[in-house]
Engineer: 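Below is a structure I'd like to ask you about.
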Amino acid sequence: MRRETWLPATPASAAAARAIVRESAAEAGLEGEPTWDLALATTEAVSNALRHGKAWPNDCILLVTQRSAGGLRVEVCDLGTFDRPPKPAAREATSGRGMQIIAALVDRLEVEHGDGRTLVRLEKRSDSASRHTSSRRDRAA
């Protein structure tokens, strides 16, 4: 099951992305805390795309959900650039922790950039699938 959705490049799209992820997670057999974690991580990724990225010519960002081994993969793609990993936010900062939050919530995080686009790929496995795999989380940023 692969689902592609063009979300308008507006703040309201974060809520729409959460709803899509919850629905796709249920279809993939994900429930409870893993679904909540993935929905929150997706909100951060969509917010980052809206704030730091650039919409496609249709004034949207692309959200893709796809079943993965034991869970769900989510991709957020925009036409922005991602030149370097973000610096850790200062303690008193009120923003700048999006990628750290995402990394803490998902089992896998990848950021691809090039060809004038940025793709953030998140993956969350069900609790039972996570127990049967290595306890080490695969993350790349």
Side-chain angles (χ1 to χ4, degrees), residues 1-91 93-141:
M1 139 197 101
R2 178 179 167 91
R3 179 177 180 176
E4 293 186 7
T5 307
W6 289 99
L7 298 170
T10 63
S13 288
R18 281 192 303 275
I20 291 166
V21 166
R22 284 192 302 267
E23 183 179 305
S24 296
E27 292 171 4
L30 225 57
E31 46 188 40
E33 189 173 332
T35 297
W36 190 90
D37 288 349
L38 189 57
L40 179 57
T42 300
T43 299
E44 289 294 330
V46 168
S47 295
N48 283 347
L50 295 172
R51 186 170 193 189
H52 305 292
K54 181 180 174 189
W56 289 80
N58 61 0
D59 291 324
C60 294
I61 59 170
L62 178 61
L63 176 75
V64 177
T65 59
Q66 184 171 1
R67 190 182 305 237
S68 64
L72 187 68
R73 179 177 314 123
V74 175
E75 296 178 351
V76 177
C77 188
D78 65 71
L79 295 183
T81 59
F82 187 88
D83 298 326
R84 58 181 159 54
K87 297 176 190 171
R91 176 176 234 163
T94 58
S95 65
R97 294 183 180 84
M99 294 304 284
Q100 294 167 330
I101 291 169
I102 293 169
L105 292 170
V106 299
D107 295 311
R108 186 174 188 156
L109 167 60
E110 297 174 352
V111 177
E112 295 177 6
H113 56 93
D115 297 328
R117 67 180 184 94
T118 296
L119 173 72
V120 176
R121 184 177 294 120
L122 322 169
E123 190 170 332
K124 189 72 177 177
R125 294 182 289 275
S126 69
D127 287 334
S128 60
S130 295
R131 277 186 241 119
H132 296 295
T133 60
S134 168
S135 61
R136 190 181 116 257
R137 291 181 174 204
D138 298 321
R139 294 201 178 112

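Atoms considered below: every heavy atom in the structure, side chains included; atoms not considered: hydrogens, waters and symmetry mates. It should be emphasised that the depicted structure is a prediction, and the values quoted were computed from it without experimental measurement.
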Engineer: Salt bridge or not for Glu27 and Arg3, using N-O below 4.0 Å?
Structural biologist: no
Engineer: Look at the side chain of Thr35 and the backbone N and O of Leu30, then say whether any donor-acceptor pair between them is shorter than 3.5 Å.
Structural biologist: yes
Engineer: Should the pair Arg108-Glu110 be classified as a salt bridge under the 4.0 Å nitrogen-to-oxygen rule?
Structural biologist: yes
Engineer: Within a strict 4.5 Å, meaning less than it, do heavy atoms of the Val74 and Val120 side chains meet?
Structural biologist: no
Engineer: Would you compute the distance between atom OG1 of Thr42 and atom NZ of Lys124 and round it to the nearest 0.5 angstrom?
Structural biologist: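 The OG1 atom of Thr42 sits 11.5 Å away from the NZ atom of Lys124.
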Engineer: Scan residues 9-18 for pairs that pass side-chain hydrogen bond (donor to acceptor under 3.5 Å, both in side chains), counting only residues two or more places apart or in two chains.
Structural biologist: Arg18-Thr43
Engineer: Sorted by first residue and then second, give each ring-ring contact (aromatic ring centres under 6.0 Å, His included) pair with at least one member in residues 28-48; sequence neighbours left out.
Structural biologist: none
Engineer: Looking only at heavy atoms, what is the nearest atom pair of Ser24 and Thr65, with distance?
Structural biologist: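 Ser24 and Thr65 have their closest heavy atoms at OG-OG1, 2.9 Å.
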Engineer: For the CZ atom of Arg73 and the CG atom of Leu122, what is their distance to the nearest 0.5 Å?
Structural biologist: 10.5 Å
Engineer: Under 4.5 Å between any side-chain heavy atoms of Leu72 and Pro34, yes or no?
Structural biologist: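 Heavy-atom side-chain distance check fails, nothing below 4.5 Å.
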Engineer: Name all residues meeting the salt bridge (Lys or Arg N to Asp or Glu O under 4.0 Å) criterion together with Arg67; count only those two or more places apart in sequence or in a different chain, and write none if there are none.
Structural biologist: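 Listed in chain order: nothing, the list is empty.
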Engineer: Does CG belonging to Asn58 count more than 12 external heavy atoms closer than 6.0 Å?
Structural biologist: yes
Engineer: Rounded at 0.5 Å granularity, tell me how far CG in Asp59 sits from CG in Leu7.
Structural biologist: 13.0 Å
Engineer: Please name the pair of heavy atoms, one in Ala49 and one in Asp78, separated by the smallest distance, quoted to 0.1 Å.
Structural biologist: CB-OD2, 3.3 Å
Engineer: First locate atom CG of Asp37, then atom CD1 of Ile102, and finally report the distance between them rounded to the nearest 0.5 Å.
Structural biologist: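 Between Asp37 CG and Ile102 CD1, I get 12.5 Å after rounding to 0.5 Å.
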Engineer: Identify the two heavy atoms, one from Pro8 and one from Leu50, that lie closest to each other, and give their separation to 0.1 Å.
Structural biologist: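 Closest approach of Pro8 to Leu50, heavy atoms only: O-CD2, 4.4 Å.
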Engineer: With a 4.5 Å heavy-atom cut-off, do Thr118 and Asn48 have their side chains touching?
Structural biologist: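 Thr118 does not reach Asn48 side chain to side chain.
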Engineer: Is there side-chain contact between Glu44 and Leu105, with heavy atoms separated by less than 4.5 Å?
Structural biologist: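 A side-chain contact under 4.5 Å is absent here.
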Engineer: Grab the two heavy atoms, one from Asp107 and one from Arg125, that are nearest each other, plus how far apart they are.
Structural biologist: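 Nearest pair, atom of Asp107 first, then Arg125: OD2-N, 2.7 Å.
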Engineer: How close do Leu119 and Cys77 get, counting heavy atoms only, and between which atoms?
Structural biologist: CD1-CB, 3.9 Å
Engineer: Please examine the side chains of Glu4 and Leu62, heavy atoms only from C-beta on, and report whether any two atoms are closer than 4.5 Å.
Structural biologist: yes
Engineer: Enter the distance from Ser68:OG to Met1:CE here, rounded to the nearest 0.5 Å.
Structural biologist: 9.0 Å
Engineer: Return the CD to CZ distance between Gln66 and Arg121, rounded to the nearest 0.5 Å.
Structural biologist: 9.5 Å
